[in-house]
Amino acid sequence: MEEKIAKIKENLKQELKKDLKEADILNIKSMYVGKKSEIQELLASLKDMSVEDKRKYGSLINSTKKELEELINKKLEDMENKLDISFDDTVDYEVKTGSLHPVTIVAKEVTDILKRMGFTVVSGPEMETEYYNFEALNIPKDHPARDMQDTYYLDNGMLLRTQTSDNQIHAMEKYGAPLRICAPGRTFRNEDLDANHENTFFQIEGMVIDKGVSTPNLMYVMECVLSEVFKTDVKVRLRPGFFPFTEPSYEMDISCVMCGGKGCPTCKNEGWIELIGCGMVHPNVLRAGGIDPDVYTGFAFGIGLTRLAMMKYKINDIRYLNSGDIRYLKEFKI
Ligand code: FA5
């Protein structure tokens with residue numbers, strides 16, 4: 001019996017030394033420990049043995065079966081570990097991944113900068129009521145400022161928001177004063193399209209309300225954002241502007257990076273591109289948000305993120321950014 005068992009073990013070891021595929025090992029498994037295997041026959045024969053032999057061989061046969069199984073399983077495991085390790089260097093393994101859109105990249109950059117300055121990021125609906133988009137922002141029905149921001153009026157009585165400034169009212173209503181929020185988002189206008197005007201573009205709104213907030217605070221925040229986004233010095237100019245929801249109001253322009261300010265089709269020969277609208281929050285707007293203008297003052301700004309992406313990445317026509325042309329967008333892979 002001992003000899004027979006030693007022979008089975010030796011035979012298996014020899015078999016397993018060969019160069020085997022998974023299917024071969026599974027065949028060997030069935031041959032050596034399967035129902036019709038020799039060891040299984042030996043186990044079956046135990047019942048006909050004398051009590052003495054049973055005691056003598058019972059544990060030997062069982063432990064041998066276990067040993068055979070372990071040898072086979074180890075071979076299977078080694079084979080699995082070996083899989084996937086060999087690479088065929090002749091195959092082109094280029095991994096095709098997507099990339100962030102340039103506007104997403106600058107939006108993230110600006111929100112990160114503002115977050116470091118203590119701004120909380122909020123968001124509002126793209127489908128908006130006239131109240132939040134216009135009326136609460138001191139733009140009543142029939143106000144000429146509505147002409148500057150014509151939009152898409154929906155059958156359900158709502159509209160596609162023309163500016164992220166709707167977030168000013170939502171945030172004041174929700175959080176009250178003091179307040180420090182920014183709100184990136186998509187905006188829509190019925191616009192004549194050209195190299196720097198789209199009908200769908202992105203802005204980021206900012207609003208700070210506290211006691212004693214003034215214009216120099218606003219200028220400081222704008223300066224920090226622009227110098228961090230562009231890393232190098234860029235020329236900006238501040239000029240008086242008009243928004244019914246701020247008083248005083250300003251517009252900030254950036255010297256066109258495509259022509260260095262000389263004038264080109266991108267800036268429509270002006271040398272400057274309008275980038276930011278901003279100002280001190282009008283008392284009527286604070287009131288609409290439930291905040292007492294005799295106690296609190298505030299500033300707000302709206303940065304054109306799509307234009308910012310154009311200027312940062314020297315894109316000469318805004319329409320590329322909504323084109324979905326992958327060859328073009330691939331350039332910005334980060
Ligand atoms: C506004 O939308 C104001 N809500 C900004 C504001 C916020 C003022 C808070 C005061 C306080 P304006 O229409 O100028 O303002 O747009 C702001 C910026 O959005 C522009 O400077 C420009 O960068 C961008 N922008 C405006 N229209 C378009 C357009 N058609 N295509 C691409 N970018 C645009």
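We count ligands from 1, going down the list as the structure has it; atoms in each ligand are counted the same way. Computed from a prediction, not measured in an experiment: that's the story for all the values here.
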Heavy-atom pair with the smallest gap, counting every atom of Leu76 and Leu26: CD1-CD2, 4.1 Å
Starting from atom 25 (N) of ligand 1, what is the nearest protein heavy atom, named by residue and atom, and what distance separates them? Phe201 CE1, 3.5 Å
Of Gln163, Arg161, Met148, Arg189, the residue with the heavy atom nearest atom 13 (O) of ligand 1 is Arg189
Decide side-chain hydrogen bond (donor to acceptor under 3.5 Å, both in side chains) for Gln203 and Gln163; before the verdict, give the C-alpha distance in whole Å, the side-chain angles of both, and the deciding distance to 0.1 Å. CA-CA 7 Å; Gln203 293 185 337; Gln163 48 188 347; over 6 Å; no
Under a plain distance cut-off of 3.5 Å, with no hydrogens placed, do Arg307 and His197 share a side-chain donor-acceptor pair? yes
Give the minimum heavy-atom separation between Leu16 and Lys75, together with the two atoms involved. O-NZ, 2.8 Å
Backbone or side chain, does any N or O of Glu205 fall under 3.5 Å from an N or O of ligand 1? no
Around atom CZ of Arg327, are there more than 12 heavy atoms of other residues, nucleotides or ligands at under 6.0 Å? no
Sub-4.0 Å heavy-atom approach of Phe299 to ligand 1: no
Looking only at non-hydrogen atoms, find the nearest pair between Arg189 and Tyr152 and report the distance. O-OH, 3.4 Å
Just by modelled atom types, is the Ile181 backbone N or O under 3.5 Å from a matching donor or acceptor in the Thr120 side chain? no
When you measure from the side chain of Arg146 to the backbone N and O of Ile139, does any donor-acceptor pair fall under 3.5 Å? yes
List the closest protein heavy-atom neighbour of atom 22 (C) of ligand 1: residue, atom name, distance to the nearest 0.1 Å. Arg307 NH1, 3.4 Å
Should we count CG of Asp192 as having more than 12 external heavy atoms under 6.0 Å? no
Does ligand 1 have a heavy atom under 4.0 Å from the side chain of His197, from its backbone, from both, or from neither? both
How close does the nearest protein non-hydrogen atom get to atom 16 (O) of ligand 1, and which residue and atom is it? Gln203 NE2, 3.3 Å
At under 4.0 Å between heavy atoms, what of Asn196 touches ligand 1? The answer is backbone
Below 4.0 Å from any atom of ligand 1, is there a heavy atom belonging to Ser249? no
Looking at every heavy atom in both Gly279 and Tyr250, which two are closest together, and how far apart are they? CA-CD1, 4.0 Å
What residue and atom, counting heavy atoms only, is the protein's closest point to atom 20 (C) of ligand 1, and at what distance? Glu274 OE2, 3.7 Å
Which ligand 1 atoms does Gln168 reach within 4.0 Å, using its non-hydrogen atoms? 9 (C)
Give the residue, atom name and distance (to 0.1 Å) of the protein heavy atom nearest atom 23 (O) of ligand 1. Leu275 O, 3.0 Å
Return yes if some donor-acceptor pair links the side-chain N/O of Thr187 with the main-chain N/O of Arg161 below 3.5 Å, else return no. no
With a 4.0 Å heavy-atom cut-off (strictly under), which part of Thr246 contacts ligand 1: side chain, backbone, both or neither? side chain
Counting heavy atoms under 4.0 Å, the part of Ile276 that contacts ligand 1 is backbone
Exceeds 12 heavy-atom contacts within 6.0 angstrom, atom CZ of Arg55: no
Which residue holds the protein heavy atom closest to atom 15 (O) of ligand 1, what is that atom called, and what is the gap in Å? Phe243 CE2, 3.2 Å
Examine the proximity of ligand 1 to Cys278 and report which part, side chain or backbone, both or neither, has a heavy atom under 4.0 Å away. backbone
Heavy-atom distances under 4.0 Å decide this one: backbone, side chain, both or neither, for Phe301 against ligand 1? backbone
Hey, does Glu191 come in under 3.5 Å of ligand 1, counting only N/O atoms on both sides? yes
Nearest protein heavy-atom contact for atom 5 (C) of ligand 1: which residue, which atom, what distance? Gly277 O, 3.8 Å
For the residue pair Gly34 and Gln40, what are the closest heavy atoms and their distance? O-CB, 3.5 Å
Should you measure from each heavy atom of Ala300, which atoms of ligand 1 turn up under 4.0 Å away? 9 (C), 11 (C)
Nearest non-hydrogen protein atom, atom 24 (C) of ligand 1: Gly304 CA, 3.7 Å
